[in-house]
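Worksheet for the structure shown next.
What's counted below: heavy atoms across the whole structure, side chains too, no hydrogens, waters or symmetry copies. A note on names: the letters A, B, ... follow the listed sequences, proteins ahead of strands, and every chain is numbered from 1.
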Amino acid sequence: MGKNLTSRAENYSKWYNDLIVKADLAEHSAVKGCMVIKPYGYAIWEKMQATLDKMFKDSGHVNAYFPLFIPKSFFSKEASHVKGFAKECAVVTHYRLKNSDDGKEIVVDESARLEEELIVRPTSETIIWNTYRNWIQSYRDLPILVNQWANVVRWEMRTRLFLRTAEFLWQEGHTAHAGREEAVSETLKMLNIYAEFAEKHMAMPVIKGVKTESERFAGALETYCIEALMQDGKALQAGTSHFLGQNFAKAFDVKFTNKEGVQDYVWATSWGVSTRLMGALVMSHSDDEGLVLPPKLAPIQVVIVPIYKTPEERQATLEAASKIKQELQSRSISVKTDERDTHTPGWKFAEYELKGVPVRIGIGPRDIQNQTIEVARRDTKEKSTYQVVDAALKIEHLLEQIQDNIYKKALSFRETKTFSADTYEEFKEMLKHGGFVLAHWDGDPGTEGKIKEETSATIRCIPYENRKEEGKCIYTGKPSAQRVLFAIAY
RNA sequence: CGGGGAAUAGCGCAGGUGGUAGCGCGCCACGUUCGGGACGUGGAGGCCGGGGGUUCGAGUCCCCCUUCCCCGACCA
């Protein structure tokens, strides 16, 4: 029996949408462009949050919270910033409702118009820098290393669950520094933290790099990013870290007195990852049977399915399950025993496969007899029989192996999908099959724009650990010092 | 914001030329099952997305609105 999941080959978009909904991660809400993140999906996000939050704190950051509403005037203070976000802002204009004259409806009370409209934050640079002005007088007040976990709203035309929704959850770090070098190094430090998180926890290989001018964050001097390749060959920006220079300090007049007693503007960074990572996670590892979750982020790492016919067998298998569960829990492994009598084992197998639980244990009468358990891993669908006596230890190792295996699988996928093009014809041909294409570019945004127009491919980044290599731009033939990373992106 | 679809039971769908709604899955009850989404019998469930019209009569024809999906442009 199938799971009624569209296969990736048949329709990748449908596969993704079906999977998100059927695996209980999220669903469309009654509000256009907004999603409901369901408990199972939210549990994964919570694990991402917990891990990232610890990484942020271990690197000296602290959490705070700034308002959801941002006065419109704040936005206009940094010219390129407002330009970048103006087209997708939700604006609050009134603060009161009233009954309509016929009493049948609730309408906006036109007399309750706000003096100054409020923008629902699409990002918090402006409100934060307006606040930092009051926090900073001296170099002794620096650095400020603040992060916030929040929701933001960007009024998107076209939305997709997790990948692009009008409201999404994220974290945004906003730091203030006394010197340029320190701010640049903070930007890179956070980029590295994101890359480490992606690779070690999400098991998703990423390429670190710098964005070109046209892909840069509105208001930044430099945007660094991690780029991942999805199974359909499209690239996904998974996180960004911005060096903001003194742009926001100048816009909000945030000065400090340095050690020499001279006034200077503060240097800034901002960095963020969002619930989009959920989409990245799904599209990196999952297959036609359902989700494949990396053990480090799986809400349930091991599920135990008891198999029995008689009440006596039920009793015996549940007892055996309980012992294994305790042993696994003592190794900090999250375990669930599915004791429900309302579904057959086969049904449960399919269900946990759909939900991507990394390891499934089956315990039936035969196992009780032999002092064994059946262990099935989700990533390879391989089944083995373990002796109960050393099962917990082996499963602990198995989880590590699965984490490692899905990373390697994703990495090898990316490697086979990464090409080098030396001519424009070659470039266009390679793009047809999806994947990353490394090619020379003359550094001109105009050229980049034309390539995008003609092929839909964008420069995802200039890889950070790039090998310098003399060459000629595939489009103009002008000299180029290195290859840049092209792809069709989400 | 353009271009295509679509909206009928919880989900997926069928309902030529108008005559008062059906199938599969799911749900409920009982029994037999249970090592890869079990089976039988019985049952519940619908102002056919919303609003107007045409008609004796509209799921079906006409107009308007709303929402969702897919593909582009824009963006994390």
Side-chain angles (χ1 to χ4, degrees), chain A residues 1-6 11-18 21-22 27-35 83-89 122-123 152-172 194 211 214-218 223 225-228 235-242 270-280 289-290 305-311 313-314 317 340-354 360-370 372-376 381 383 385 452-453 456 458 460 488-490:
Chain A
M1 276 296 268
K3 303 182 182 75
N4 304 318
L5 191 63
T6 309
N11 184 339
Y12 192 85
S13 290
K14 196 166 190 311
W15 167 80
Y16 175 81
N17 288 333
D18 280 5
V21 172
K22 289 190 169 150
E27 62 188 33
H28 290 285
S29 72
V31 186
K32 186 179 167 62
C34 296
M35 64 179 164
K83 195 161 170 279
F85 286 103
K87 285 178 290 181
E88 49 191 38
C89 286
T123 180
V152 283
V153 169
R154 295 182 188 174
W155 214 260
E156 296 290 348
M157 294 303 169
R158 191 181 161 194
T159 58
R160 295 195 63 191
L161 292 171
F162 288 119
L163 296 176
R164 179 166 297 109
T165 46
E167 180 192 11
F168 57 92
L169 307 183
W170 78 346
Q171 59 68 216
E172 44 180 328
Y194 287 155
K211 286 290 188 191
S214 57
E215 297 276 329
R216 201 175 283 159
F217 175 73
T223 288
C225 62
I226 51 172
E227 291 284 330
L236 185 82
Q237 178 176 302
T240 48
S241 184
H242 315 289
S270 69
W271 27 274
V273 294
S274 70
T275 37
R276 177 179 243 204
L277 289 179
M278 295 286 295
E289 317 301 320
V305 178
I307 298 151
Y308 52 83
K309 289 178 188 165
T310 64
E313 282 172 355
R314 177 177 158 87
T317 51
R340 286 179 298 176
D341 202 23
T342 50
H343 297 275
T344 61
W347 190 95
K348 292 176 183 175
F349 293 171
E351 177 72 5
Y352 292 109
E353 222 157 64
L354 179 62
R360 186 190 73 231
I361 297 175
I363 305 177
R366 282 209 300 275
D367 294 302
I368 304 286
Q369 193 76 34
N370 303 331
T372 59
I373 56 173
E374 182 193 75
V375 175
K381 303 204 188 75
K383 283 192 231 181
T385 301
K452 182 179 178 185
E453 219 170 278
S456 302
T458 49
R460 302 318 304 151
I488 294 170
Y490 272 96

Looking across every strand, which nucleic acid part, if any, lies under 4.0 Å from Thr310(A) by heavy atom: base, sugar-phosphate, or nothing?
nothing
When all nucleic acid strands are considered with a 4.0 Å heavy-atom cut-off, which category describes Ser456(A): base, sugar-phosphate, or nothing?
sugar-phosphate
Send over the distance from Tyr16(A) OH to C69(B) C1', rounded to a whole Å.
15 Å
Side chain proximity check, Val273(A) to Gln171(A), heavy atoms < 4.5 angstrom:
yes
Identify whether any heavy atom of Arg360(A) sits under 4.0 Å from a base atom; if not, whether one sits that close to sugar-phosphate; answer base, sugar-phosphate or nothing.
base
Side chain of Glu353(A), base of G36(B): donor and acceptor closer than 3.5 Å?
yes
So, is the end of the Arg164(A) side chain (NZ or CZ) under 6.0 Å from the ring centre of Tyr490(A) and within 45° of the ring's axis?
no
According to the Watson-Crick and G-U wobble definitions, with both distances under 3.5 Å, which nucleotide is paired to A9(B)?
none
Please tell me which of the listed nucleotides, C74(B), G36(B), G35(B), lies nearest to the side chain of Lys452(A)?
C74(B)
So if I take every side-chain heavy atom of Asn17(A) and compare against G35(B), C69(B), A38(B), which nucleotide ends up nearest?
C69(B)
Can a donor-acceptor pair be found, under 3.5 Å and without considering hydrogens, that links the side chain of Glu313(A) to the backbone of Ile307(A)?
no
Distance below 4.0 Å between Lys87(A) side-chain N/O and C74(B) OP1 or OP2
no
Under a 3.5 Å distance rule, please check whether Asp367(A) uses its side chain to pair with a backbone N or O of Gly364(A) as donor and acceptor.
yes
From the candidates C34(B), G35(B), G37(B), the one with an atom nearest any side-chain atom of Glu374(A) is G35(B)
Rounded to the nearest angstrom, tell me the gap between atom CD in Glu215(A) and atom P in C75(B).
7 Å
Hunt down the Watson-Crick or G-U wobble partner of C1(B), both distances under 3.5 Å, from any strand shown, or write none.
G72(B)
Give Asp367(A) one of three labels, base, sugar-phosphate or nothing, depending on what nucleic acid heavy atoms sit under 4.0 Å from its own.
base
If you look at every heavy atom in Phe162(A) and Thr275(A), which pair is closest and at what distance?
CD2-O, 3.5 Å
Hey, does Ser13(A) reach any base, or is it just sugar-phosphate, or nothing, if we go heavy atoms under 4.0 Å?
sugar-phosphate
Counting the atoms with a prime plus P, OP1 and OP2 as sugar-phosphate, which does Glu156(A) contact under 4.0 Å by heavy atoms, base, sugar-phosphate, or nothing?
base
Check the distance between G4(B)'s P and Lys14(A)'s NZ and give it to me in whole angstrom.
22 Å
Specify the separation, in whole Å, of atom OH of Tyr352(A) and atom P of G36(B).
17 Å
Among C75(B), C68(B), C1(B), the nucleotide that comes nearest once only the side chain of His28(A) is considered
C68(B)
Under 4.0 Å, heavy atoms only, any strand: does Gly33(A) hit a base, just the sugar-phosphate, or nothing?
sugar-phosphate
Using a 4.0 Å heavy-atom cut-off, does Phe85(A) contact any base of the nucleic acid, only the sugar-phosphate backbone, or nothing at all?
nothing
Side-chain N or O of Thr344(A) versus OP1/OP2 of G37(B): is the shortest distance under 4.0 Å?
no
Would you say the side-chain atoms of Tyr16(A) pair up with the backbone N or O of Leu161(A), donor to acceptor, closer than 3.5 Å?
yes
Return the nucleotide paired to C47(B): Watson-Crick means purine N1 to pyrimidine N3 with N6-O4 or O6-N4, wobble means G-U with N1-O2 and O6-N3, both under 3.5 Å.
none
Watson-Crick or G-U wobble mate for G16(B), both contacts under 3.5 Å:
none
Using Watson-Crick or G-U wobble geometry with both distances below 3.5 Å, tell me the partner of A29(B), or none.
U41(B)
Whole-Å distance separating the CZ atom of Arg158(A) from the P atom of G72(B)
6 Å
Taking CD from Glu453(A) and P from A73(B), how many angstroms apart are they, rounded to a whole number?
10 Å
Between NZ of Lys348(A) and C1' of A38(B) the distance, given in whole Å, is 14 Å
Would you classify Leu236(A) as touching base, sugar-phosphate or nothing, given that sugar-phosphate means primed atoms plus P, OP1 and OP2, and contacts are heavy atoms under 4.0 Å?
nothing
Look at all strands and tell whether Tyr490(A) reaches a base, only sugar-phosphate, or nothing, counting heavy atoms closer than 4.0 Å.
base
